[in-house]
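Only one structure is covered here, and it is reproduced in the block below.
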Amino acid sequence: MWAELICGLVIFRLLRRFFSDDDTLEIENTDSGALFSVANKIEKIYDGKAYSGLRIPDADTGSREDIDIVIVTKGGAMVISVKNFSGIISIDSDGSWVCNAGDRHKAERHPDPVAEAKKRVSVLESYLEQRGVPLPEGYISCQVILANPKFCSIHSNYIPPEVITYDQWTVLKPEAKSLFSGWFKGGLRAGKKEMQESIHQKLNFVLSTAPMWDRLELKSNKYVLGEFLEFKGKNDDLQDLRNIKRSKVSRLIVQQFSMLGFAPSKVQLLYSPRDFRNDGASASEWKELTIRASTEVLFQPQNSKKVRKFKMSSILSMSLSA
């Protein structure tokens, strides 16, 4: 009996490996997954619009500053850093965080996440001003969210007020809007409603057109941020895909053909032309094509030197930055 069970398990894994994409199986609960989970919840809590995976140019260094999330509401904006820290955290005198997960021999040391978040606020404010959206002082605040359920505690006499621990995050409710208190106490109390609405509209437009990472949405609620490189597959499929490039397309959706539970041989792609004048393409603007499900997307994940390959059959959607 045990031999039959083991043989069945081996065969199942072999079949799964054969019909599935290897790199998809390697994508587990990554930082990108935590980031999008936080973004979805934060939109509901603050009734705002969240922009994830931003790459904001830093005029002082000539590089780009990665910003996990910017949430925009009618009363203000917030830069949110999502940290996947686990275990027990201690804060050194220099502000750095030391993580002891227990299952690793060596503790991990990280730069002060609050100082990083404040720097990102400054970089974002400069970028917005360059694009014609100067903001009142205190309009943008920051938070650091510890989103890993394996987080235990912070051993410190002082926990920065900008930090939301995992336990606090799980019980955060929509009424907790005091996080945006800075500008509420200033501009709103002064009755500058028209200025506030104008800033809100301009801010959403600029952030929607700001540089950001490309993103893949995979099955099983998995996300990958990084850079789309190219397609790999049969020549006829690549010929059909020749117009799918970031200069022309902002997003594509993969629709699977159901085949009684078997891996599909073909997939249908819906893609929208890039148009900065609108928030998204209308139904009449979406175009479609059909290609082999085995066609691969070559993708360079954020903070990784390894190029990953994802089969079309494992992808739900792909968004491309301009």
Side-chain angles (χ1 to χ4, degrees), residues 30-43 45-46 48-73 75-85 89 91 94-97 99 108-148 159-165 169 172 179-183 199-200 202-215 223 225-227 301-303 321-322:
T30 62
D31 290 348
S32 296
L35 187 154
F36 282 98
S37 176
V38 169
N40 290 335
K41 181 176 177 179
I42 214 77
E43 282 188 328
I45 289 176
Y46 297 113
K49 172 64 177 176
Y51 299 90
S52 306
L54 296 169
R55 306 182 68 198
I56 302 301
D58 186 344
D60 292 333
T61 64
S63 60
R64 296 200 176 190
E65 192 73 31
D66 289 339
I67 297 180
D68 291 338
I69 302 169
V70 177
I71 179 73
V72 178
T73 74
M78 181 182 288
V79 167
I80 297 176
S81 290
V82 180
K83 297 300 181 183
N84 212 20
F85 299 157
I89 296 174
I91 302 177
D94 63 356
S96 60
W97 288 28
C99 301
E108 294 184 349
R109 182 176 292 271
H110 303 275
D112 182 352
V114 175
E116 286 183 330
K118 290 180 177 178
K119 178 190 174 186
R120 288 163 183 163
V121 169
S122 178
V123 171
L124 181 61
E125 287 174 337
S126 297
Y127 172 75
L128 292 170
E129 186 172 1
Q130 291 172 2
R131 292 197 59 181
V133 191
L135 298 173
E137 184 177 355
Y139 190 90
I140 302 181
S141 58
C142 68
Q143 286 285 346
V144 176
I145 296 178
L146 306 179
N148 193 332
I159 299 177
E162 296 87 357
V163 174
I164 297 180
T165 66
W169 171 243
L172 197 62
L179 297 177
F180 294 102
S181 59
W183 200 68
I199 290 175
H200 179 258
K202 292 178 181 178
L203 188 55
N204 276 307
F205 174 77
V206 171
L207 290 176
S208 68
T209 57
M212 62 182 62
W213 287 105
D214 300 333
R215 68 195 65 187
Y223 295 88
L225 290 176
E227 183 180 0
Q302 179 187 12
N303 301 324
S321 177

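Counting from 1, the numbers follow the sequence of the chain as shown.
The side-chain heavy atoms of I80 and D68, taken from C-beta on, include no pair separated by under 4.5 Å. Residues V133 and F205 have side chains not in contact (no heavy-atom distance under 4.5 Å, counting atoms from C-beta outward).
Distance check: I56 CD1 to I67 CD1 gives 5.0 Å after rounding to the nearest 0.5 Å. Atom CE of M212 sits about 11.5 Å away from atom CZ of R55, to the nearest 0.5 Å. Residue L35 holds its CG atom at 6.0 Å from CG of L225, rounded to the nearest 0.5 Å. With rounding to the nearest 0.5 angstrom, the CD1 atom of I89 is 4.0 Å from the SG atom of C99. Annotation: the span from L203 atom CG to I140 atom CD1 amounts to 6.5 Å, rounded to 0.5 Å. Rounding to the nearest 0.5 angstrom, the gap separating the OH atom in Y51 from the CG atom in L207 is 6.0 Å.
A search for side-chain contact (heavy atoms from CB on, under 4.5 Å) contacts involving P57 returns Y127, P211, not counting sequence neighbours. Every residue meeting the salt bridge (Lys or Arg N to Asp or Glu O under 4.0 Å) condition with E65, not counting sequence neighbours, appears here in chain and number order: K119, R120. Under the side-chain contact (heavy atoms from CB on, under 4.5 Å) criterion, E129 pairs with P134, not counting sequence neighbours.
The two residues K118 and C142 come nearest to each other via the heavy atoms CG-SG, 3.8 Å. Residue S96 comes nearest to R109 through the heavy atom pair OG-NH1, 2.8 Å, listed as atom of the first residue, atom of the second, then distance. Across all their heavy atoms, S321 and D214 have their closest contact at N-OD1, 2.8 Å. When every heavy atom of V144 is checked against every heavy atom of P113, the shortest pair comes out as CG2-O, 3.7 Å. Summarising the geometry of G95 relative to D112, their closest heavy-atom pair is O-CB, 3.2 Å, with the distance given to 0.1 Å. The nearest pair of heavy atoms linking Q143 to I164 is OE1-CG1, 3.5 Å.
With hydrogens and angles left out, the side-chain atoms of T209 and R131 include a donor and acceptor closer than 3.5 Å.
Judged purely by atom type and a 3.5 angstrom limit, S126 uses its side chain to pair as donor or acceptor with the backbone of S122. Side-chain atoms of N148 come within 3.5 Å of backbone atoms of N84 as a donor-acceptor pair (strictly under, hydrogens ignored). The main-chain N or O of S208 is never found under 3.5 Å from a side-chain atom of K49 such that the two would form a donor-acceptor pair. For R215 (side chain) and S52 (main-chain N/O), a donor-acceptor pair under 3.5 Å exists by modelled atom type.
More than 12 heavy atoms of other shown residues, nucleotides or ligands fall within 6.0 angstrom of atom NZ in K41.
Judged by the 6.0 Å and 45° rule, K83 forms no cation-pi pair with W97.
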